[in-house]
Number of protein chains: 2
Amino acid sequence: MDTRERLIESARELLWERGYVGTSPKAIQQRSGAGQGSMYHHFHGKPDLALAAISRSAEELRARAEAQFSGPGGVVDRITAYLRRERDVLKGCPVGRLTQDPEVMSDPALRGPVAETFAWLTGRLAGLLAEGREGGELDTRLDPAATASALVAVLQGGYVLARAAGSPEAYEQAVDGAVGLLTAHVRRPAGGA
Amino acid sequence: MDTRERLIESARELLWERGYVGTSPKAIQQRSGAGQGSMYHHFHGKPDLALAAISRSAEELRARAEAQFSGPGGVVDRITAYLRRERDVLKGCPVGRLTQDPEVMSDPALRGPVAETFAWLTGRLAGLLAEGREGGELDTRLDPAATASALVAVLQGGYVLARAAGSPEAYEQAVDGAVGLLTAHVRRPAGGA
DNA sequence: GTCTATACATTGATAGAC
DNA sequence: GTCTATCAATGTATAGAC
C-alpha cells in the first residue's frame with residue numbers, strides 16, 4: 001500500500017472512531033506513518049483528505065449492503081440477513097456517524113456522499129419491499145417507502161443504543177423488534193431463491 | 001439567571017450543536033457572557049461543566065418523555081404521541097448525540113447519564129407495551145422489550161436520516177413506518193383515557 | 001465572584017531543503 | 001515525494017490582582 005493509500009485508510013479509521021472535528025492531520029500522519037509534507041503533497045488539506053476517506057466509506061457501505069440485497073432468498077430473508085449481518089456494532093456506522101459532525105454537514109462536498117448513501121439505501125430497501133408486496137410475500141397495507149426508512153433508522157438508532165449501553169445486545173434487541181414487527185406483515189413464505 | 005446557570009445552559013446548547021470535542025471552554029464563556037476566571041471559579045474544568053450540562057439534558061429528556069407516556073389515551077395513542085411530538089429534528093437528540101463522542105463514552109462520569117437515559121426510556125416503553133398487551137389492546141405475539149428498543153432506535157435513527165437528507169421529512173417517514181408496523185399488532189382500539 | 005495576564009500543547013498549514 | 005523548520009490561531013488551563 002503506497003503512502004497516499006495509507007493516508008486515506010488512516011483517515012477513514014480516525015473519522016470512524018473520532019469524527020471530523022476530533023481528527024487532526026497530525027493524528028492521520030502518525031497512524032499512516034507519513035510525514036507532514038507527505039500528506040500535504042498528496043492532498044490539499046484536511047477537507048480534501050476527508051473527502052477521499054468519506055467517499056470510500058460510502059462506497060464500501062453501499063457495496064456491502066448490495067451484497068445482502070442481491071443475495072439468495074425471499075425479500076424478507078434478504079432484508080433480515082442485511083439487518084443481522086455481522087457488524088462492528090460498538091464502533092457505529094462509519095457514514096451515519098458523520099451526520100453528527102457540524103463541519104461535515106456544513107460543507108456540501110463532504111456532506112454529499114453521506115446524503116447520497118442514505119438516499120440510495122432507503123430507496124433500495126423500499127424497492128425490495130415493493131417487490132415483496134407485488135409478489136404476494138408481503139401484506140398490501142405495508143408502505144414500502146415509510147417501512148424502508150424505519151428499517152434504516154432502526155439500524156442507525158441501534159448503534160446509538162448499543163454505544164449507550166456499552167453492549168452490542170442493545171443493537172440486536174432493536175433489530176429483533178423490527179424483524180418481529182415486519183413479520184406480522186408476511187402473508188406467505190417466499191418462493192425460494 | 002446567574003452566571004453559573006448561564007454557563008450550564010450555554011454548555012448544553014454547544015454540546016448539542018457541536019458535541020464534546022467540538023466545544024471549547026472559550027466558546028462556552030463567550031456564549032454565556034462569562035469570563036475565563038468566572039468559569040473556572042464555578043467548575044473545575046471542561047469535564048465538570050459538561051457533566052452538569054449532560055445531567056440536565058438527560059433529566060429534561062426524561063421529563064418530556066414522561067409527559068407523553070403518562071398522558072391520556074390508550075397505550076398505542078400515547079406511544080404515537082411521543083413519537084410524533086414536535087421536535088427540533090434537524091438538531092438531533094441532545095443525549096443520543098453524545099454516544100458518538102469518544103471522550104464522553106470513555107469517561108464513566110459523563111457516560112453515566114447517557115446510559116441511564118436510554119435504559120430508562122426503553123424500559124418505560126417496554127412497560128407500556130406490556131400493559132397494552134395484557135389489557136388486550138396489543139397482539140400477544142408482540143415482544144415488549146424488543147419492540148421498545150426498536151421504537152427508540154427509530155427515533156434516534158430518524159434524526160440521523162433527517163440530518164443526512166437535510167430535512168425533517170426523513171424523520172417523519174421513519175416514524176410513519178414504525179407506527180404502520182406497530183398498528184398491525186393492534187387487536188382492538190384502546191378503552192379510552 | 002470576576003477580571004486580566006500568562007503558559008504550554010495542539011491544530012492546520014506553509015516554506016524550502018533534499 | 002518526503003523531510004524538517006516555522007507559524008499564527010486555538011484549546012485548556014493556572015496565577016494573582018481586584
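Letters A, B, ... are given to chains in the order of the sequence lines, protein chains preceding strands, and every chain is numbered from 1.
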Open item on the list: C:dT11, OP1 or OP2 - any side-chain N/O from A:S24 closer than 4.0 Å?
Closed with: yes
TODO: Inspect the contact between A:R18 and B:E103 and indicate whether a charged nitrogen and a carboxylate oxygen are less than 4.0 angstrom apart.
DONE: yes
Task: Validation row: B:T117, B:R62 side chains within 4.5 angstrom (heavy atoms) - done: no
Open item on the list: Rounding to an integer number of Å, can you tell me how far A:L49 CG sits from C:dT11 C1'?
Closed with: 15 Å
Task: Exceeds 12 heavy-atom contacts within 6.0 angstrom, atom CD of B:E169 - done: no
Open item on the list: Can you measure B:Q30 atom CD to C:dT2 atom C1' for me and round it to whole angstrom units?
Closed with: 16 Å
Open item on the list: Using whole Å, what does the distance between atom P of nucleotide C:dC3 and atom CE of B:M39 come to?
Closed with: 14 Å
Task: Atom-pair distance (CD on A:E5; P on D:dG1), nearest Å - done: 14 Å
Open item on the list: We want to know whether A:R87 and A:Y159 form a side-chain donor-acceptor pair, criterion being a heavy-atom distance below 3.5 angstrom.
Closed with: yes
TODO: Figure out the CG/P separation between B:D48 and D:dT12, and round it to whole Å.
DONE: 15 Å
Task: Closest non-hydrogen atom pair, A:Y171 against A:L83 - done: OH-O, 3.1 Å
Task: Of the listed nucleotides C:dA13, D:dC3, C:dT2, the one nearest the side chain of B:T3 - done: C:dT2
Open item on the list: Heavy atoms from C-beta onward define the side chain here; which of C:dT11, C:dA13, C:dT2 lies closest to that of B:H41?
Closed with: C:dT2
Open item on the list: Just the rounded figure in Å: distance from P of D:dG1 to CZ of A:R6.
Closed with: 14 Å
- [ ] For B:Q36 and for A:H44, locate the closest nucleotide of DNA chain C by heavy-atom distance; then report the residue assigned to the nucleotide nearer the 5' terminus.
- [x] B:Q36
Open item on the list: As a test of reading the structure: which of D:dC3, C:dT11, C:dC3 is closest to the side chain of A:K26, going by heavy atoms?
Closed with: C:dT11
Open item on the list: Using the side-chain heavy atoms of B:Y40, tell me which of these nucleotides is nearest: C:dT11, D:dA13, C:dC3.
Closed with: D:dA13
Open item on the list: Without decimals, in angstroms, what is the distance between A:F43 CZ and C:dG12 C1'?
Closed with: 16 Å
TODO: Taking only the side-chain heavy atoms of B:H42 (C-beta and beyond), determine which of C:dT2, D:dA13, C:dG12 contains the nearest atom.
DONE: C:dT2
Open item on the list: Under 4.0 Å, heavy atoms only, any strand: does B:G35 hit a base, just the sugar-phosphate, or nothing?
Closed with: sugar-phosphate
